[in-house]
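To start, the structure itself, in structure tokens.
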Amino acid sequence: MGLEHFDVLILGAGLSGIDAAHHLQKHCPQKSYVILEQRQRIGGTWDLFRYPGIRSDSDMLTMGYSFRPWTNPKAIAPGEDIRNYVTATARDEGIDRHIRFSHRVLRASWSSRDAAWTVSALRQEPGGREEPVIITCNFLLSCAGYYRYSAGYLPDFPEIGRFTGRVVHPQAWPEDLDYAGKRVIVIGSGATAVTLLPAMAKTAGHVTMLQRSPTYIVSMPEQDKITNFLRRFMPAAWAYKLGRWKNVAYMMYVYQFAQCFPNFVKTGLIKKTSKQLGSEYDVATHFTPRYNPWNQRLCLVPDGDLFQAIKAGRASVVTDQIERFTEKGIRLQSGEELQADIIVTATGLVLQAVGGAELEVDGRHVDLGKTLAYKGVLLSGVPNLASVFGYINASWTLKADLICAYVCRLLNLMDRKGARQVTPRNGREEAVAPFVQKFMPGYIERSVANWPKQGAKAPWRVYQNYLRDVWSLKWSPVDNPALEFSSPTEDSAKTGFETARQQTA
Ligand SMILES: Cc1cc2nc3c(=O)[nH]c(=O)nc-3n(C[C@H](O)[C@H](O)[C@H](O)COP(=O)(O)OP(=O)(O)OC[C@H]3O[C@@H](n4cnc5c(N)ncnc54)[C@H](O)[C@@H]3O)c2cc1C
């Protein structure tokens, strides 16, 4: 088997993978690269999720790429439009030619002797047969998202097998599912459930959202009127830039305000919900969360579509606990039984880092939970590996853009130094916090222990603050005492394990 070699291997052809390829082509044009993608199409999340109503829950002015204006008048955009945007970016920039589809990466092993990763993948042939593929690269850039693709999270619901109707998970939506006129229960209260409710209620007999506890729901206009107005007078790129900064500033203001005055913000949000649903509605039970705003994500609904579906009587919310499934539906702890033809388990994701690939450095398994994240991008003790993890309180792409540009600066610095490897060394810095802080929805709480940790101070902090990251990743020098630049020496090449510290000027 002849081994192919690339300077950079990008894992995943979603929003971030295409972002990374754009930055590499622009800032490191001399570098060869390949993208390995397990699916047959570009788009990641926006290709995988096909449930009714699938849309962004943050605005596309900040979720679009910094380098490609989002020109669609809808700022809260349908999944298909997002997929088309990502695909068009890849096509227009010739990135699609670098993608190897149907390649699932299983393992990456770093050799300090060779200053290279050996990446093992399985390529799925048209007949379904899987062939092993091995590729080597100098730098591995994980753009594999943050959750398991093979299946979503399904709690152990008692007696789920007794239900005689259909049970569906939004991560694997059946193309043939006909729910017109049917009674539907959607279990969950997150972004997926609040999207599904109004979308399915358009044709279903009735849709009930069954939640254990309420979530903050905020209505936002689907269209950004200010940016759409600006587009009439100036080039699309300018209007996009202005709209983007307006929304960044607004989001940061709202987030910081909510952190400083949680009770004030809580009261305001609940008042707004009451106004949408009318004074008769039991907002205290169904829309008053136990947590403070932003301790779990706020759910956004475009033009109050969820509230309208409830007011029209086509949808309802039940706040209770599941006792067990029955033949006809779900029996609740309150004693009530909800009947359904279809039950949708919008119960979330299973968190997964680096696309579930096993990592090794010089023959030793890397336990991600024991590493420290350097600027939220690199990992302590792991050479030449970066990964993209976006914001949880703002659009993912804002951080993906910053990380991709930072990795290019790092690669160029390595070239200038003549160093073939870079390894973050945490020295005496210890883990003091999980990768994600002050934000603990179920899917993060379940797995965050296995993710890299944060230290007490920069550069070992993972910020959820765009301006701080602009400073940390874009403006501050890449060179840092915590980064060890090195190359294999003659000796280490012989012995096969030593890395020699690069003597930098
Ligand atoms: C339903 C839903 C709605 C969301 N809405 C928003 C939103 O409105 N705003 C927002 O900012 N964020 C949102 N997110 C977060 C969303 O995931 C990001 O916006 C963004 O799509 C992440 O892009 P990505 O390319 O980093 O990861 P993904 O979109 O997850 O893409 C990862 C790619 O890597 C591939 N891959 C993974 N593992 C492997 C492997 N082992 N081998 C080969 N290929 C692999 C996958 O097939 C996929 O193509 C949402 C997430 C979900 C699930």
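Order of listing sets the numbers, starting from 1, for every ligand and every atom in it.
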Any nitrogen or oxygen of [X], main chain or side chain, under 3.5 Å from a nitrogen or oxygen of ligand 1?
X	result
Tyr149	yes
Asp57	yes
Leu349	no
Leu15	yes
Thr192	no
Val105	yes
Thr397	no

Within the 4.0 Å heavy-atom shell around [X], which atoms of ligand 1 are there?
X	value
Ser58	7 (C), 8 (O), 9 (N), 10 (C), 11 (O)
Met63	7 (C), 8 (O), 9 (N), 10 (C), 11 (O), 19 (O)
Ser16	23 (O), 24 (P), 25 (O), 26 (O)
Phe49	53 (C)
Arg39	47 (O)
Ser56	8 (O)
Gly44	29 (O), 31 (O), 48 (C), 49 (O)
His103	42 (N), 43 (C)

Tell me whether [X] is salt-bridged to [Y], with the criterion being a basic N under 4.0 Å from an acidic carboxylate O.
X	Y	value
Asp176	Arg166	yes
Arg68	Glu93	no
Asp47	Arg39	yes
Asp401	Arg244	yes

Residue-ligand contact [X]/ligand 1, heavy atom below 4.0 Å:
X	answer
Trp46	yes
Tyr51	yes
Tyr146	yes
Cys143	yes
Leu36	yes
Gly390	no

Ring centers of [X], [Y] separated by less than 6.0 Å:
X	Y	answer
Phe6	Trp117	no
Tyr85	Tyr65	yes
Tyr216	Tyr291	yes
Tyr255	Phe257	no
Trp396	Tyr146	yes

Option from Ile135, Thr118, Asn138 for which side chain to side chain contact (heavy atoms under 4.5 Å, CB included) with His5 holds:
Asn138
Taking the side chain as every heavy atom from C-beta outward, state whether His169 and Thr347 have any atom pair closer than 4.5 Å.
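Yes, at least one pair of side-chain atoms sits under 4.5 Å.
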Closest to atom 46 (C) of ligand 1 (judged by heavy-atom distance), picking from Glu37, Arg107, Arg55:
Glu37
After noting the C-alpha distance and the side-chain angles of Thr71 and Arg231, does the key distance pass the side chain to side chain donor-acceptor pair (under 3.5 Å) rule?
CA-CA 9 Å; Thr71 51; Arg231 275 198 197 104; over 6 Å; no
Short side-chain to backbone donor-acceptor contact, Glu358 and His365, under 3.5 Å
no
